[in-house]
Chemist: 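Here's a structure for you.
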Protein chains: 2
Amino acid sequence: MSNRPTIIDVAERAGVSKSTVSRVLQGAGERVSAETQALVWQAIRELGYERNAVASSLRTERTFMVMLVTPDITNPFWPEVARGLQDTVEPAHYSVVLANSDWDVEREKHFLQTLRRNRFDALVINPTAVSNADLLALHIPTVVLGVGNSFPDFDVVGSDSRRGALEAFNYLYVLGHRRIGCIWGQHRAGWAQSRLDGYLDFQRQHSLPHDERLLVEAPFDRAGGHWAMRQLLALPERPTAVFAANDILAIGALEAAREAGLNLPGDLSIIGMDDIYAAAMTTPPLTTMAKSKYETGRWAAQYVLERLAGQAPESGRRRALPCQLVVRGTTAPPAA
Amino acid sequence: MSNRPTIIDVAERAGVSKSTVSRVLQGAGERVSAETQALVWQAIRELGYERNAVASSLRTERTFMVMLVTPDITNPFWPEVARGLQDTVEPAHYSVVLANSDWDVEREKHFLQTLRRNRFDALVINPTAVSNADLLALHIPTVVLGVGNSFPDFDVVGSDSRRGALEAFNYLYVLGHRRIGCIWGQHRAGWAQSRLDGYLDFQRQHSLPHDERLLVEAPFDRAGGHWAMRQLLALPERPTAVFAANDILAIGALEAAREAGLNLPGDLSIIGMDDIYAAAMTTPPLTTMAKSKYETGRWAAQYVLERLAGQAPESGRRRALPCQLVVRGTTAPPAA
DNA sequence: ACGGGATGCGGGAACGTTCCCGCAAAACAG
DNA sequence: CTGTTTTGCGGGAACGTTCCCGCATCCCGT
């Protein structure tokens, strides 16, 4: 069946020992004369030899595999992150295996198990329920995707949502809005907190009165955004602008506003967050505070590669990528 | 450093041989007395032993890895396919590693190489440039994503785009449209052909006159759709409806139409294909011929698993999943 | 001419499993 | 009670690499 040539076949054909073949396979740093190198390469070509990475991994304890655990690759936020990760580790000969945790503790645990069993070299994870200690027990380079201070021992890369939210509010403020609603998602592992912090920063900064009713919490999907917007519109004194904690909520909110007969952005401004693919498709196209998704993946990869190469600080680094305002069609000064 | 317990440590602790430990690890089908099983499991628990999948793979020549090669996971069509694949192979203990070919021949070749080197068990690929023969040379279970007859030796799963396109046209016909434009993407490996075939079927079926000018070929992106729609609108006698070969083209087309001051669907109907996430976000929301993306992944996985289990026919099967019309807001009878 | 450090290469032992073979004890048939 | 089959388990050889160690050969300075 599987009669692929091994390093030994190559050695025999080239008239050298397998050690030597191994050496030329390893490439630079190994000393072997130019002529034997040529001999070996020729034998390799003639036999169509390809090194068995499994055997290699067994011996070297390196698999050149990185696992990426996200809640759901189907969520439009993640594919770009995955792509950034992938593109960056690929030149270093790493492959990435994908896992969707679905915010499920058991699934997450299960994936960590296959990670260990398969001796993958590194992990990039947007955690659902694992703790700092859980990840420490892995003893491999790990990068956490997201924010917060729950993972002091690891490199954490994410977007500076707090600042992003603050800037989104400030943008609305500068436009002239004073009564601003805020739709935020139900805390999953508390990561929605950062936006809320941004909101509070904003209120303090401008000494705005705090009105609990302007703060609506909803499930993190389109229907949630829709529902939340209806709450806001039902207020006796409705907001002139609304910030939504992500684009999906914003899109739901936008639908609700349009259904209510509002003219956007004349009657109401809406600003989202993330800048997913669909954000540009709405009518009017959604103004949003963009996150650098691809860059997130890139940095995660960068950190992983550094740790893999052993050249990284002991302590965890954190990189909060700046958000960027993308002004499209859903924001304008409030009606006079 | 890595002092994880091995099967031998377990054996010693349980007072049995490593063969026996291996047997209980393999589970069902292996005969070992209930009491020794208990002993072994206890030792495993106490030591926190976890089997080394790499060593296992070396011996058994099975890695329990499936590679998925798509052009670009960032393209909104693919994440769902990936998810369907993943969800289906996971219960059988397979992991999936992701690769983005970017329609680049070299990248594609490179990934097939790492597939071979790493001895992955199976491949699911949306081919860019590889041939039937290339895939045959792999000697592993392979499923081709897409359509066409270029891969007679493999299981092929995709959507019945030809029929889908035909039905889309028929839907427009039934609405009353007679002059229908068609925007199709530049053939990449000729896969756009199926839609064109559907168009031709349609013309034959209704004995419509063939007008080359109604057929516009454009790059497969939003700008392409935009450009193509401008061509169609510039026609002396412009179409009352337009079919676009995928949603991204359709969204571009929709933008162009709206910019031209047309009222949708009153002045013009547009129908897309795929039903990506963003299709429902446009204004009006896009009517489209949906493809079963998740199901595509599911079936691919199904076929892969069957072949992996050795229970599959010699010859390649092909499964063309039916498309489904999703009527939203961009289609209506033509203006009187 | 001779000792000593490079340099190039081979031999064999790992790495942690699984699988084949064989042996003892237990179960069973006559 | 003997002879044969079944059952439970151990010993050791693979799987295909890499890595350590050691032995020649060669070059160079004195």
Side-chain angles (χ1 to χ4, degrees), chain A residues 1-41 43-44 47-65 93 114 116-121, chain B residues 1-41 43-44 47-65 93 114 116-121:
Chain A
M1 187 72 203
S2 171
N3 273 341
R4 304 207 235 185
T6 77
I7 211 177
I8 298 185
D9 300 320
V10 174
E12 279 173 9
R13 176 149 200 140
V16 299
S17 76
K18 59 187 163 49
S19 307
T20 302
V21 176
S22 177
R23 266 187 282 263
V24 345
L25 248 17
Q26 317 233 31
E30 295 288 336
R31 304 166 313 181
V32 36
S33 80
E35 37 197 343
T36 37
Q37 277 197 36
L39 240 52
V40 169
W41 281 118
I44 287 177
L47 291 173
Y49 167 80
E50 280 181 313
R51 127 209 270 143
N52 184 332
V54 175
S56 177
S57 293
L58 178 59
R59 185 68 238 244
T60 61
E61 313 221 295
R62 297 198 67 175
T63 54
F64 287 92
M65 298 267 166
H93 306 292
T114 77
R116 289 188 305 259
R117 279 210 214 294
N118 288 87
R119 305 301 198 255
F120 292 154
D121 289 336
Chain B
M1 184 76 203
S2 172
N3 274 340
R4 304 207 235 183
T6 76
I7 211 177
I8 296 186
D9 301 321
V10 174
E12 279 173 9
R13 175 150 201 140
V16 298
S17 77
K18 59 188 164 48
S19 308
T20 303
V21 176
S22 177
R23 266 187 283 261
V24 346
L25 248 16
Q26 318 233 35
E30 296 286 336
R31 306 166 311 182
V32 37
S33 81
E35 36 197 344
T36 37
Q37 279 197 35
L39 240 51
V40 169
W41 281 119
I44 286 177
L47 291 173
Y49 167 81
E50 281 181 312
R51 127 209 270 146
N52 184 331
V54 175
S56 176
S57 292
L58 178 59
R59 184 69 239 243
T60 61
E61 314 222 293
R62 297 198 69 176
T63 54
F64 286 91
M65 298 268 167
H93 305 291
T114 78
R116 289 188 305 258
R117 279 210 212 294
N118 288 87
R119 306 300 198 256
F120 292 154
D121 289 338

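Excluded from the calculations below are hydrogen atoms, water molecules and symmetry mates; all remaining heavy atoms, backbone and side chain alike, are included. Every chain is numbered from 1, with letters handed out A, B, ... down the list of sequences. Quick caveat, the model's predicted, so the values are computed rather than measured.
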Chemist: Please report, rounded to the nearest Å, how far the P atom of C/dA13 is from the CD1 atom of A/Ile8.
Modeler: 14 Å
Chemist: Please figure out whether B/Thr20 or B/Leu58 has its closest DNA chain D nucleotide nearer the 5' end.
Modeler: B/Thr20
Chemist: Looking at C/dG10, does its base get a donor-acceptor pair with the side chain of A/Arg23 below 3.5 Å?
Modeler: yes
Chemist: To the nearest 0.5 Å, how far apart are OG in B/Ser19 and CD1 in B/Ile7?
Modeler: 8.0 Å
Chemist: Between atom CD in B/Glu61 and atom P in D/dG16, what is the gap in whole Å?
Modeler: 6 Å
Chemist: Say whether, by atom type as modelled, one donor and one acceptor occur between the side chain of B/Gln37 and the main chain of B/Val24 under 3.5 angstrom.
Modeler: no
Chemist: Which of these nucleotides, C/dT17, C/dG12, C/dG8, is closest to any side-chain atom of A/Ser33?
Modeler: C/dG8
Chemist: Does OP1 or OP2 of C/dC19 have a side-chain N or O of B/Gln26 closer than 4.0 Å?
Modeler: yes
Chemist: Need one value for A/Thr6: base, sugar-phosphate or nothing, where a base atom within 4.0 Å counts as base even if backbone is also close, heavy atoms only.
Modeler: sugar-phosphate
Chemist: Should the side chain of A/Arg59 and the base of D/dT17 be counted as holding a donor-acceptor pair, with the cut-off at 3.5 Å?
Modeler: no
Chemist: Do B/Ser19 and D/dG11 have a side chain to base donor-acceptor pair shorter than 3.5 Å?
Modeler: yes
Chemist: Across the strands shown, which category fits A/Val16 at heavy-atom distances under 4.0 angstrom: base, sugar-phosphate, nothing?
Modeler: sugar-phosphate
Chemist: May I ask you to verify if any side-chain N or O of A/Ser56 is less than 4.0 angstrom from the OP1 or OP2 atom of D/dT18?
Modeler: yes
Chemist: Round to the nearest Å and state the distance from A/Phe64 atom CZ to D/dT17 atom C1'.
Modeler: 14 Å
Chemist: Measure the shortest side-chain to side-chain distance between A/Met65 and B/Asn118 over non-hydrogen atoms and say whether it is less than 4.5 angstrom.
Modeler: yes
Chemist: How many Å lie between CZ on B/Arg31 and P on D/dC9, as a whole number?
Modeler: 10 Å
Chemist: What is the distance from CZ of B/Arg4 to P of C/dC15, rounded to the nearest Å?
Modeler: 15 Å
Chemist: B/Arg62 CZ to C/dG16 P: how many Å, rounded?
Modeler: 23 Å
Chemist: Would you say D/dG8 has OP1 or OP2 under 4.0 Å from some side-chain N or O of B/Thr36?
Modeler: no
Chemist: If we ignore hydrogens and angles and just use 3.5 Å, is the side chain of B/Ser57 paired with the main-chain N or O of B/Ala53 as donor and acceptor?
Modeler: yes
Chemist: How many Å lie between CZ on A/Arg117 and P on C/dG16, as a whole number?
Modeler: 16 Å
Chemist: Report the distance from atom CG of A/Leu25 to atom C1' of D/dC19, rounded to the nearest whole Å.
Modeler: 15 Å
Chemist: Are side-chain heavy atoms of A/Ile44 and A/Leu25 found at a separation under 4.5 Å?
Modeler: yes
Chemist: Is B/Ser17 close enough to D/dG10 that one of its side-chain N or O atoms is under 4.0 Å from OP1 or OP2 there?
Modeler: yes
